[in-house]
Amino acid sequence: MTDRKTFDRQSVRADFPILQTEVRGKPLTYLDNAATGQKPNAVIEALNDYYAAENSNIHRGVHYLSEMATDAYEATRAKLAGFLHLPDPDEIIFTRGATESINLIAHGFTETILQPGDEVLITHMEHHANIVPWQIACQRTGAELKIVPVDDRGVLDMEAYSRLLNERTKLVSVVHCSNSLGTINPVKEIIAQAHAIDVPVLIDGAQSVPHAPVDVAELGCDFFVFSGHKIFGPTGIGVLWGRREWLERFPPYQSGGDMIERVDFDGTTYKAIPGKFEAGTPHIAGVIGLSAAIDYLDNLDRDGALAHEQALLETATEKLSAIEGLRILGTAPHKAAVLSFLIDGIHPHDIGTFLDADGVAIRAGHHCTQPLLKRYGVPATARASFAFYNDFADVDRLAEAVLRMQRFFG
Amino acid sequence: MSGDPLQQLYQDILLDHNKRPRHYGLLVQHSHHAEGYNPLCGDRMELTLQLEGDRITDAGFEAAACAICQASASIMTESLPGKSLAEVAQLEARMQSLLEDKETTDPEADGDLAALAGVSQFPARIKCATLPWHTFKRALKQETGGDHDLGAAQTE
């Protein structure tokens, strides 16, 4: 590891070419980081270099380029183990994203674990990606989906969690950090309670990994998933980590080339993990880009980056709260830099269009959390979500654009 | 000012329809009813129509939707009463071509419909303006009978 830099906002911004661009004639104020992160030069160059000089398929060629590509691909698996503080790279599976990772686990539970009368326990603040796969798993097996409620601030009801957790529970699947509200959930406590009665826990880290380092070994969960594009890597590449005993128990999720040991018309045997779960030519360039993204984060002063994000959240919360007619949805005491808000008389969709004309990119909609928004009685919110490369000028532009919009709509 | 796309999108007429929607409220007596929903943004509306023969005599809607959708629904329901289905089809075709920027507006002939032309510069918002019309077409297929009361229609 090279020397970590002290966090420097200006030099960090210079690493991201898109932050130097204009949209609609205004400097880009990118506040849609919970949807996807921007890419540093290092990631863009890694993708370019791979296609320009190293492009080759993996695990099958004897030629020089194939060996290089295979080494880079497998080295990323080892690098990810280090990134997540995990001992065994073979327990890391490359997928298309957090969504596919959860689908793979849900498929494994459908095929090998769930029976009628069993329960899967999720929370009211899950992303659709951690709801629908379990609904389908339950429909197929006769198991039942149970939901841990949230309070008005967006905090999980831990007493209800303790009550809902029981001997019929076969899995707890919970989001580490809410993409709609920013709530950071007490996952260590959730895992401890589940493990006390031998229930495994899946943590959806799609929104936590971009904000802070995660020590998965210390969390002690059984599955951990996230997406590469949200940690400033390419789209179409994601990560699933699962304990070996579970992954070995699960059948293949997809099948075909590269996941087999021996194919015969009388029967086929599969590779050991991780190969068993990586059928076909994988997203090699995506893995190499993800590797560059992890290097980038490893070279960043992440404590400094997190402190800066929290300062942005605090300032944005103050500035927006001071605006008459604006209400923030999600006021948990522990939050990542995600700010959902509503404005009297102006629909979130109109807020999104209006701010866009000022170069301010936010998300407007249900954020793939319809049950959560239904619980708060709103069909949609406007959401500003920050990354370490945002600065206080971005917060100012957001607040100014909101005020200008309110004057416009009268 | 007039060249500003945002001003073109949120014209005074449109903002007025959004703030004071016409024909707001479902018809207790209606012959046709449908709900419209845009899963991308969560816009939701409900439309009731009263038809006599092939002529629309009344229309009413309710919506939880953005300004574009609400105004479009208001402009639509205001223009429907008294028109035959053939005349409404012409109106819809005219609105489509304005939204697709294929024709320019004629303030006299188009009336308030012209206020929707600015949406053409915002491709992501066109579906907001068309949701009321999709709901209208769905309603035409969902006859609820002559003197249907609303409660019964909703439980279908």
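Here is how names work: the chains are called A, B, and so on, in the same order as the sequence lines, proteins then strands, and each is numbered from 1.
- Look at A:Asp394 and A:Arg397 and you find a salt bridge, because one of the NZ, NE, NH1 or NH2 atoms lies within 4.0 Å of a carboxylate O, short of that distance.
- For a residue to count as touching a neighbouring chain, one of its non-hydrogen atoms must lie under 4.5 Å from one of that chain's; by this rule B:Cys128 touches chain A with the side chain only.
- Ring orientation note: the planes of B:Tyr10 and A:Phe354 are tilted relative to one another, at an angle of 30° to 60°.
- Only the side chain of B:Phe122 has a heavy atom closer than 4.5 Å to any heavy atom of chain A.
- Between A:His347 and A:His349, the angle of the ring planes lies from 30° to 60°, which puts this pair in the tilted group.
- Looking at B:Ile68, both its backbone and its side chain come within 4.5 Å of chain A, counting heavy atoms on both sides.
- Using cut-offs of 30° and 60° for the angle between ring planes, the A:Phe232 and A:Phe16 rings count as perpendicular.
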